[in-house]
Amino acid sequence: MVKVNQNYLKLPGSYLFSEVARRISAYSAAHPEAKIIKLSIGDVTRPLAPAVIQAMHAAVEEMGTFEGFHGYGPEQGYPFLREAIAQFDYAARGVDILPEEIFVSDGAKSDCGNIGDIFGADNVVAVCDPVYPVYVDTNAMAGRAGDFQESLGRWSRLVYMPCVESNGFSPEIPKEQPDLIYLCFPNNPTGAMATREQLEAWVDYANATGAVILYDSAYEAFITQEDIPHTIFEIEGARTCAIEFRSFSKTAGFTGNRCAYTVVPRELERDGARLNSLWNRRQTTKFNGVPYVVQRGAAAIYTPEGRAQIMESIAYYQNNAQVIRAGLSAVGLECFGGVNAPYIWLKTPKGMGSWDFFDLLLDRANVAATPGAGFGPSGEGYLRLTAFGGAEATREAVERIKAVL
């Protein structure tokens, strides 16, 4: 008889954002007259940049000719995109990353989950708490998380690094010695950012212990403060201990097109193996590459016109974040984030539970958010709001919440 992966049976409930969507859908069905404003799932709302559209149209026309047709492409990504990434995302900041160290994929979420394929199941994993659920759930699926302790809301084998108000929502090096360390900056969900000194401490620690840092930098384009690193590879020594994940989803509005990339330096070796080679082997076996048309669209954001256009959209979302933070702070709510990230991390009033406050806002304000408890034990008592809505809808959502409070 076929046996299933028992680790899947240990997973509690459903994926966080699926549960949020289910509850919103159920409420809408019961209250068809309600006009719900979604500040919950971080999906973009502005259209693709004109330069991207033009490049994709040209690529479609090219695919309609015998001379320009593209079938299977390189699983690692076309050279034109890998070279543009190396030049504009790294060399422009004084960071030396080779095109051969860049692997184009269909999403940072996919890569953050799939990267575990190249690591043994007995590695000790450290995650921030609260944390983007993909890091936790995919390691649980792989058997690295142990058993789910329902009373504690955590997994038995994972090392949880509390990111709370007292430490500025930034993790501290744990007493346990992890092998894999997930860091996300700008952070999802808290919106916090790591300083250069903090990243230097993590890089030194990883190199000293042989750990590997899995650095999710999907929201890098939203960094506004000049003294904040945009990539972990700005830190000396990171090439021998870190893998970085980036995405075009929020940077260029590609949530519906699917394009991202992961950087695995050639110097990064563990257990006698080059991780660049292992990841290449994994991708060439399990992945057929991002479509040519999509990669042409992604490359267009590195043109002067494309860059200016996507920065307009990013500024639009950043303004939404300021509207949310300023508006809700004015009525006494404690708000964090929204400066270097498109998320506001909101403390629930009067110690109300995360899901209770979620239900209250959905029912009385018709505003959907994401409960902090869904991001981990330390997320209880908080709510995440996204700045990816329309400007008018964002302002209305803030006024509705203020009216309820």
Side-chain angles (χ1 to χ4, degrees), residues 16-17 20-21 23-24 34-46 130 132 163 165 168-169 184-193 218-225 228 249-251 253 255 311-350 352-375 379-405:
L16 170 60
F17 298 110
V20 169
R23 294 196 182 203
I24 296 172
K35 296 181 179 179
I36 297 173
I37 298 176
K38 296 180 181 180
L39 301 183
S40 49
I41 297 174
D43 194 3
V44 295
T45 54
R46 292 180 63 77
Y132 183 42
C163 297
E165 188 175 354
F169 301 101
C184 176
F185 295 111
N187 186 260
N188 178 14
T190 67
M193 195 61 230
Y219 298 96
E220 168 273 335
F222 290 84
I223 296 174
T224 59
Q225 294 174 292
I228 296 295
S249 287
K250 312 302 166 57
T251 302
T255 54
M311 291 309 296
E312 285 183 13
S313 289
I314 291 171
Y316 180 94
Y317 296 132
Q318 288 172 325
N319 185 67
N320 282 348
Q322 293 306 307
V323 168
I324 297 171
R325 178 164 177 156
L328 299 184
S329 295
V331 292
L333 293 177
E334 291 189 66
C335 300
F336 308 91
V339 177
N340 296 301
Y343 297 117
I344 286 77
W345 190 237
L346 170 71
K347 183 177 287 188
T348 60
K350 301 178 182 180
M352 185 179 290
S354 294
W355 283 105
D356 292 335
F357 196 43
F358 168 88
D359 290 334
L360 175 69
L361 293 185
L362 184 60
D363 183 47
R364 295 182 57 189
N366 291 164
V367 174
T370 305
F375 295 100
E380 178 56 85
Y382 290 88
L383 213 66
R384 192 196 75 173
L385 299 176
T386 173
F388 286 118
E392 183 177 347
T394 298
R395 287 192 295 269
E396 182 177 347
V398 170
E399 293 304 315
R400 289 186 189 182
I401 295 173
K402 290 166 65 175
V404 168
L405 297 176

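Just so you know, these numbers use all the heavy atoms, side chains as well, and skip hydrogens, waters and symmetry mates.
At least one donor-acceptor pair under 3.5 Å links the side chain of Q318 to the backbone N or O of F222. Remark: the backbone N or O of L360 is not paired with any side-chain donor or acceptor of D363 at under 3.5 angstrom. The backbone N or O of A397 sits nowhere less than 3.5 Å from a side-chain atom of K402 that would complete a donor-acceptor pair. Within the 3.5 Å criterion, the main-chain N or O of Y382 finds a donor-acceptor partner in the side chain of S354. A donor-acceptor distance shorter than 3.5 angstrom exists from the side chain of T370 to the backbone of S40, with no hydrogens or angles considered. Looking only at distances, a side-chain donor or acceptor of N340 sits under 3.5 Å from a matching main-chain atom of T224. When atom types are taken as modelled, the side chain of N366 and the backbone of L362 share a donor-acceptor pair closer than 3.5 angstrom. In this structure, T348 contributes its side chain and G353 its backbone to no donor-acceptor pair below 3.5 Å.
Side-chain contact of R395 with N320: a donor-acceptor pair under 3.5 Å is absent, judged by distance alone.
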(message) With side chain to side chain contact (heavy atoms under 4.5 Å, CB included) as the criterion, how do I37 and R400 come out once you've worked through the C-alpha distance, each side chain's angles and the decisive distance to 0.1 Å?
(response) CA-CA 10 Å; I37 298 176; R400 289 186 189 182; 3.7 Å; yes
(request) Assess whether side chain to side chain contact (heavy atoms under 4.5 Å, CB included) is satisfied between K347 and E165, documenting all intermediate values. (result) CA-CA 10 Å; K347 183 177 287 188; E165 188 175 354; 2.8 Å; yes
(message) Applying side chain to side chain contact (heavy atoms under 4.5 Å, CB included) to W345 and L385, what does each step give before you reach the verdict?
(response) CA-CA 7 Å; W345 190 237; L385 299 176; over 6 Å; no
(request) Test I324 against I401 for side chain to side chain contact (heavy atoms under 4.5 Å, CB included), laying out the working first. (result) CA-CA 10 Å; I324 297 171; I401 295 173; over 6 Å; no
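Separation of the F336 and F169 ring centroids falls under the 6.0 Å cut-off. Checked against the 6.0 Å centroid threshold, Y343 and Y219 count as a close aromatic pair.
Taking all atoms of both residues into account, the shortest heavy-atom contact from A365 to V404 is CB-CG2, 3.7 Å. Residues T45 and G390 share a closest heavy-atom pair of OG1-N, 3.9 Å. Scanning all heavy atoms of the two residues, the minimum distance from A192 to F185 falls at O-CD2, 3.6 Å. When all heavy atoms of P349 and L405 are compared, the closest pair comes out as CG-CD2, 4.3 Å. For the pair G338 and I344, the tightest heavy-atom approach, listed with the atom from each and the gap, is CA-CD1, 4.2 Å. Closest non-hydrogen pair, T190 versus P130, comes out as CG2-CG, 3.8 Å.
The side-chain heavy atoms of V20 and P371, taken from C-beta on, include a pair separated by under 4.5 Å. Between P189 and Y132 the shortest side-chain heavy-atom distance does not fall below 4.5 Å. When side chains are defined from C-beta on, V367 does not count as touching V398, because their heavy atoms never get closer than 4.5 Å. Residues P342 and T386 have side chains not in contact (no heavy-atom distance under 4.5 Å, counting atoms from C-beta outward).
Sorted by first and then second residue, the side chain to side chain donor-acceptor pair (under 3.5 Å) pairs involving residues 321-336 (not counting sequence neighbours) form an empty list.
Geometric assessment of R46 against the ring of Y316 yields a positive cation-pi assignment under the 6.0 Å and 45° thresholds.
In this structure, CZ in F388 is found 10.5 Å from OG in S313, a value given to the nearest 0.5 Å. Atom CZ in F358 sits 5.0 Å away from atom CD1 in I24 (nearest 0.5 Å). Rounding to the nearest 0.5 angstrom, the gap separating the CG atom in L383 from the CG atom in D356 is 11.0 Å. Interatomic distance, CG of N188 versus NZ of K250, reported as 7.0 Å (0.5 Å rounding). Atom CD of residue E396 and atom OG1 of residue T394 lie 10.0 Å apart, to the nearest 0.5 angstrom. Rounded to the nearest 0.5 angstrom, M193 CE and E220 CD are separated by 9.0 Å.
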